[in-house]
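A short worksheet on the structure shown next.
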Amino acid sequence: MISTGVAKGTIDDLTYRSKWLRQQVFEMSARARQGHLASVLSEIEIIVALYYGGILKCQPDDPNRDRVIVSKGHATMGLYPVLADFGYFPVSELDKYGTFDGRLRIFGNIDIPGIDATTGSLGHGIGIACGYCIAAKHDNKNSRTFVILSEGEMYEGSVWESVLFASHHNLNNLIVILDRNHKIILGDTEDLLQLDPIAEKWESFGWATTTVDGHSYSELLMALADTNNQDKPSVIIANTIKGKGLSFMEGRPEWHYTNLTDELIEKARGELA
């Protein structure tokens, strides 16, 4: 495990880990010259809060471990350094991300240890999560499934079918974190097809709903802890910034698909240091 020199799980510790994770995913993307880095950078604090904030049961050998599904499959790489840190696979695999010789794909799949769903076709992650959750209840397992959902996936009918299903079956072991960075490949979601009022829509489907700053550990941890006390599925609407941490990426929809140049790689390393 990485060491920060401060008490594990504190805000200082988590802040250090978010810096570490941003550096890790950046270097992976820079080496591969591919990936969807800006979409990953908006979810960094969400991932760190889950794995290092005392929220998840996530040891590889735990048969009742919790599940994490990055439904926006193009951003699954955000989990890879964390899973390597927990021992799901060798750290050396990170250097082979996106290559024929490595096992870490641009999009996550279940051939990778610790990846609980093959995602990429948007809108499917929450449906898979419903399956995990209803199976856990059937088997009397004390495990939960967390889904990191992109707001663009709310354009998909399969999402709302799953939302209805989860509410009907009282899947209080299902927690969705909506990465609300306002951007998809074509622009701002509110300009393309308005999603607001998001909280009211989820509430009308029978979900416990809260809204937080998705880059604030104090807000994220409080909201995640509150999900333990719910008798219904929970959604946390996390307001985030696409490309968080890199000045030339922040809030820019074109960075959903733009590749890094040598000049920008050096600029980014200076900003992430």
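Heavy atoms only: backbone and side chains are in, while hydrogens, waters and symmetry mates are out.
The CG atom of Leu14 sits 11.0 Å away from atom OG of Ser216, with the distance rounded to the nearest 0.5 Å. Separating the CD1 atom in Ile112 from the CZ atom in Phe107 is a distance of 12.0 Å, to the nearest 0.5 Å. Atoms CD1 and CD1, from Ile148 and Ile175 in turn, are 12.0 Å apart once rounded to the nearest 0.5 Å. Annotation: the span from Ile237 atom CD1 to Leu178 atom CG amounts to 6.0 Å, rounded to 0.5 Å. Thr76 contributes atom OG1, which lies 11.0 Å from atom CG of Leu104 (distance to the nearest 0.5 angstrom). Atom CD1 in Ile47 sits 11.0 Å away from atom OH in Tyr80 (nearest 0.5 Å).
Within the 4.5 Å cutoff, the side chain of Ile55 has heavy atoms near those of the Phe146 side chain. Residues Leu260 and Met249 form a side-chain contact, since some pair of their non-hydrogen atoms from C-beta on lies under 4.5 Å apart. The closest side-chain heavy-atom distance from Leu122 to Tyr155 is not below 4.5 Å. Leu79 places a side-chain heavy atom less than 4.5 Å from the side chain of Tyr51. Side-chain contact check for Val82 versus Leu21: some heavy-atom pair is nearer than 4.5 Å. The side-chain heavy atoms of Leu186 and Pro253, taken from C-beta on, include no pair separated by under 4.5 Å.
Applying the ring pair (Phe, Tyr, Trp, His ring centres under 6.0 Å) definition to pairs two or more places apart or across chains, those involving residues 233-256 are His36-His256, His74-His256, Phe248-Trp255. Listed by first and then second residue, the salt bridge (Lys or Arg N to Asp or Glu O under 4.0 Å) pairs that reach into residues 235-264 are Arg33-Asp262, Arg252-Glu254, sequence neighbours excluded. Within the structure, every pair that satisfies the salt bridge (Lys or Arg N to Asp or Glu O under 4.0 Å) test and touches residues 127-152, not counting sequence neighbours, is listed here: Glu151-Arg180. Applying the salt bridge (Lys or Arg N to Asp or Glu O under 4.0 Å) test to every pair with at least one member in residues 110-131, sequence neighbours left out, gives these pairs: Arg65-Asp116, Arg67-Asp116. Listed by first and then second residue, the salt bridge (Lys or Arg N to Asp or Glu O under 4.0 Å) pairs involving residues 170-179 are Lys72-Asp179 (not counting sequence neighbours). Every pair tested for side chain to side chain donor-acceptor pair (under 3.5 Å) that includes a residue from residues 97-107 fails, sequence neighbours excluded, so the list is empty.
Listed by chain and number, the residues in a ring pair (Phe, Tyr, Trp, His ring centres under 6.0 Å) with Phe165 are His169 (sequence neighbours excluded). Partners of Glu266 under the side-chain hydrogen bond (donor to acceptor under 3.5 Å, both in side chains) rule, at least two apart in sequence or in another chain, are Arg269. For Gln24, there are no side-chain hydrogen bond (donor to acceptor under 3.5 Å, both in side chains) partners, not counting sequence neighbours. Scored by the salt bridge (charged side-chain N to carboxylate O under 4.0 Å, His left out) test, Asp95 finds Arg31 as partners (sequence neighbours excluded). In this structure Glu153 satisfies the salt bridge (charged side-chain N to carboxylate O under 4.0 Å, His left out) test with no other residue, sequence neighbours excluded.
With hydrogens and angles disregarded, a donor-acceptor distance shorter than 3.5 Å links the side chain of Thr227 to the backbone of Leu224. Ser71 places a side-chain N or O within 3.5 Å of a backbone atom of Gly125 that can act as its donor or acceptor partner. Although no hydrogens or angles enter the test, the distance criterion places no donor-acceptor pair under 3.5 Å between the side chain of Gln230 and the main chain of Lys232. Side chain of Asp66 to main chain of Lys57: a donor-acceptor pair is present (N/O by atom type, distance under 3.5 Å, no hydrogens or angles). A donor-acceptor pair under 3.5 Å is formed between the side chain of Glu271 and the backbone N or O of Ser247. When atom types are taken as modelled, the side chain of Trp160 and the backbone of Met154 share a donor-acceptor pair closer than 3.5 angstrom. Not one N or O on the side chain of Ser18 forms a donor-acceptor pair closer than 3.5 Å with the backbone of Glu45. Of the possible polar contacts, one joining the Thr10 side chain to the Ala7 backbone as a donor-acceptor pair under 3.5 Å is found.
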Mind running salt bridge (Lys or Arg N to Asp or Glu O under 4.0 Å) on Asp13 and Lys8 for me, showing each step along the way? CA-CA 6 Å; Asp13 174 64; Lys8 184 178 178 181; over 6 Å; no
With ring-ring contact (aromatic ring centres under 6.0 Å, His included) as the test, would you mind laying out the steps for Tyr52 and Phe86 before giving the verdict? CA-CA 10 Å; Tyr52 298 103; Phe86 275 85; 5.4 Å; yes
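No single ILVMFWY cluster, assembled from side-chain heavy atoms under 4.5 Å apart, contains both Leu220 and Ile69.
Dense packing is recorded around CG of Asp196, with more than 12 heavy atoms of other residues, nucleotides or ligands lying under 6.0 Å away. At most 12 non-hydrogen atoms from other residues, nucleotides or ligands lie less than 6.0 angstrom from CD1 of Ile110.
For the residue pair Asn173 and Ala136, the shortest heavy atom distance occurs at ND2-CB, 3.9 Å. Contact record, Leu174 with Cys130: CD2-SG, 4.0 Å, taken as the closest heavy-atom pair. The nearest pair of heavy atoms linking Ile11 to Tyr217 is CD1-CB, 3.5 Å.
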With a 3.5 Å cut-off and sequence neighbours excluded, list the donor-acceptor pairs that the side chains of residues 204-211 form with protein atoms.
unit_1, atom_1, unit_2, atom_2, d
Ser204, OG, Lys201, O, 2.7
Trp207, NE1, Val163, O, 3.0
Thr209, OG1, Trp207, O, 3.3

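Under the 3.5 Å distance criterion, with hydrogens and angles disregarded, no donor-acceptor pair is assigned to the side chains of Asn109 and Thr118.
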